[in-house]
Amino acid sequence: MDITLLAAVAIVVVLLAVGGFFLVRTRRSVAPGKDEAGPEVTGGATAAPPEEDRERDEGTVATPPSQAPPAPGETVAEPEPAPAPEIETPPPSAGRMVRLRARLARSQSSLGQGLLSLLSSDTLDEDTWEEIEDTLITADIGVTSATQIVENLRTRVKVLGTRGTDEVRGLLREELLAQIGGDTDRTVRTEPHNGRPAVIMVVGVNGTGKTTTTGKLARVLVGDGRSVVLGAADTFRAAATEQLQTWGGRVGAPVVSKEEGADPASVAFDTVARGTEEGVDTVIIDTAGRLHTKTGLMDELGKVKRVVEKKSQVDEVLLVLDATTGQNGLRQARVFAEVVNITGIALTKLDGTAKGGIIVQVQRELGVPVKLVGLGEGPDDLAPFDPEVFVDALLEG
Ligand SMILES: Nc1nc2c(ncn2[C@@H]2O[C@H](COP(=O)(O)OP(=O)(O)OP(=O)(O)O)[C@@H](O)[C@H]2O)c(=O)[nH]1
C-alpha cells in the first residue's frame with residue numbers, strides 16, 4: 001500500500017515537472033513575434049526611425065544643419081526642380097513677308113502713292129518728271145536708278161499714249177521690280193554639305209540689329225526644321241553674348257561663347273568645330289562691329305574668316321544694314337565690303353523708314369542682293385526678301 005502511494009506521488013511530480021517545462025517554452029516562443037510586429041503596435045516613441053532619418057545618421061542625405069529633423073511620419077518635400085525653358089516653334093520662312101506686308105505698306109505707302117499720283121497728273125511735263133525723279137531720290141533709291149526709272153517710264157508712257165491708273169501702276173511696278181531685281185537669286189546658303197554644316201558669318205556695325213538678326217535667323221531656320229549652333233564672336237560686349245544666349249535658348253540652339261574680350265576668331269573656330277561634331281545643319285557666327293579703325297576691323301574680321309576657313313568654308317557672309325541710316329549706312333557697308341567678301345545683305349528696320357529705295361541703292365553699290373529684311377522688333381519679324389511682295393505693298397498703300 002505504501003509502495004502504491006509512493007508510486008502515485010512520483011507520477012504526479014513527474015507530470016507537474018513536464019507540464020511546467022512546456023508552459024515556459026510556449027511563453028518564450030511567443031515573445032520574439034510580438035517584437036517583430038513593433039511598428040504597428042508600439043507607437044511613435046519606440047518606432048524605428050523613418051528611412052530618411054536613418055540615412056541622415058549614416059550621412060547619405062545632406063540636410064542643412066539649421067533645419068529641424070522632420071517629425072515622425074512627416075514626409076520631407078523634395079525641392080522643386082527649375083522648370084526647363086520652353087522651346088518655341090517659330091513659323092517657317094515661307095510666307096513671312098506676306099504676313100509682314102502690312103508693315104511695309106505702312107512704312108512705304110507714301111513713296112508708292114506719291115509716285116502714282118504724280119504719274120496720274122493731268123500733264124506729265126518736264127517739272128512733273130523731275131518731281132518723280134526727286135521723289136525716288138528722296139526714298140534713297142540712288143540717282144542712277146532714279147534717272148533710269150524716269151527715262152524708261154517716259155518712253156513707255158509716250159509709246160502707249162495712255163495713262164490709265166492700272167496701266168501706270170503696272171508700268172511703275174515693272175520698272176521698280178527691274179531695279180530691285182525680281183529674278184535675282186536671294187537664297188541664303190544654309191544647307192549642310194559634304195558632311196559639314198553651312199557656315200554663316202553675320203557682320204555689320206553695332207546697333208544695326210546684328211545680334212538680333214542672328215537670333216531671328218536662327219528662328220527662321222529652326223522654323224524650317226533645321227538644327228543650328230550659334231557663335232557669340234562679338235566678345236567686345238558681354239551683353240551681346242547674353243542677348244544671343246537668350247535667342248538661342250528660346251529655340252533650343254546652343255550658343256558657343258567665351259569670356260568678354262576673348263579672341264573672336266577662337267570663338268568662331270570652336271563654334272564651327274561644335275557644329276561639325278554635332279552634325280548640325282547650320283552654324284551662325286555673330287561678329288563684332290564696334291571697332292574704331294578700319295585697319296582694326298580689317299584685321300579682326302579677316303582673321304575670323306581665315307580661322308574659320310581652316311575648319312570649313314564660309315558659305316555666307318551677311319552684312320546687316322540699318323535701313324534708317326541712309327547714306328551713312330552705305331558708307332559703313334562699303335568698308336565692310338572691302339574687308340570681307342559679302343554674299344548677302346540683311347536690311348533691318350525697314351518698318352521704321354519710308355526710304356525703302358535703299359534696297360536698290362545698296363544692291364547696286366555692293367553688287368550683292370538683299371536676302372533678308374527686318375520688319376519689326378518681334379522675334380519673327382525677319383523675312384526672306386521677296387521683291388514682288390515689297391513692290392506690291394509699296395504701290396497698294
Ligand atoms: N523696328 C525694328 N527694330 C529692329 C529691327 N532689327 C533690330 N531692331 C532693333 O535694333 C536694336 C539693336 O539691335 P541689336 O541686335 O542689339 O544690334 P547689334 O547690331 O547687334 O548691336 P550690338 O548688340 O550692340 O552688337 C534692338 O532694339 C532691336 O530690337 C527691325 O527690323 N525693326
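Order of listing sets the numbers, starting from 1, for every ligand and every atom in it.
Heavy-atom minimum distance, V307 versus A265: CG1-O, 3.6 Å. Shortest non-hydrogen contact noted between L118 and S121 is O-OG, 2.6 Å.
In summary, K210 and D286 engage in a salt bridge, as defined by a charged side-chain N under 4.0 Å from a carboxylate O.
Those atoms of ligand 1 that come under 4.0 Å of a heavy atom in D351, given as number and element, are 1 (N), 2 (C), 30 (C), 31 (O), 32 (N). Remark: ligand 1 atoms within the under-4.0 Å shell around heavy atoms of R237 are 22 (P), 23 (O), 24 (O), 25 (O). Annotation for ligand 1: atoms under 4.0 Å from non-hydrogen atoms of N206 are 19 (O), 21 (O), 22 (P), 24 (O), 25 (O). Near Q243, with a cut-off below 4.0 Å to any heavy atom, the atoms of ligand 1 are 14 (P), 15 (O), 16 (O), 23 (O). Listed by number with element, the atoms of ligand 1 under 4.0 Å from a non-hydrogen atom of T211 are 15 (O), 18 (P), 20 (O), 23 (O), 25 (O). For ligand 1, the atoms lying closer than 4.0 Å to a non-hydrogen atom of V205 are 19 (O). Here is the list of ligand 1 atoms found below 4.0 Å of a heavy atom in G374: 31 (O). The D234 neighbourhood of ligand 1 comprises atoms 25 (O), with distances under 4.0 Å to a heavy atom of that residue.
In this model, no donor atom of one side chain and acceptor atom of the other lie less than 3.5 Å apart for R196 and Q313. Judged by distance alone, the side chains of D125 and T128 do bring a donor and an acceptor atom under 3.5 Å apart.
A heavy-atom distance below 4.5 Å is not found between the side chains of L321 and T208. Two residues are said to be in side-chain contact when any heavy atoms from C-beta on lie closer than 4.5 Å; L221 and D281 fail this criterion.
Contacts between K216 and ligand 1 below 4.0 angstrom, taking non-hydrogen atoms only, involve the side chain exclusively.
Residue-to-ligand polar distances place E377 within reach of ligand 1: an N/O pair is separated by less than 3.5 Å. Distances between N or O atoms of A240 and those of ligand 1 include no value under 3.5 Å. Taking any N or O of T348, backbone or side chain, none lies under 3.5 Å from an N or O belonging to ligand 1.
Taken to the nearest 0.5 Å, the CD1 atom of I200 stands 9.5 Å off from the OG1 atom of T214.
Grouping the Ile, Leu, Val, Met, Phe, Trp and Tyr side chains by contacts below 4.5 angstrom, directly or via other members, places L172 with L104.
Not a single heavy atom of G352 sits closer than 4.0 Å to an atom of ligand 1.
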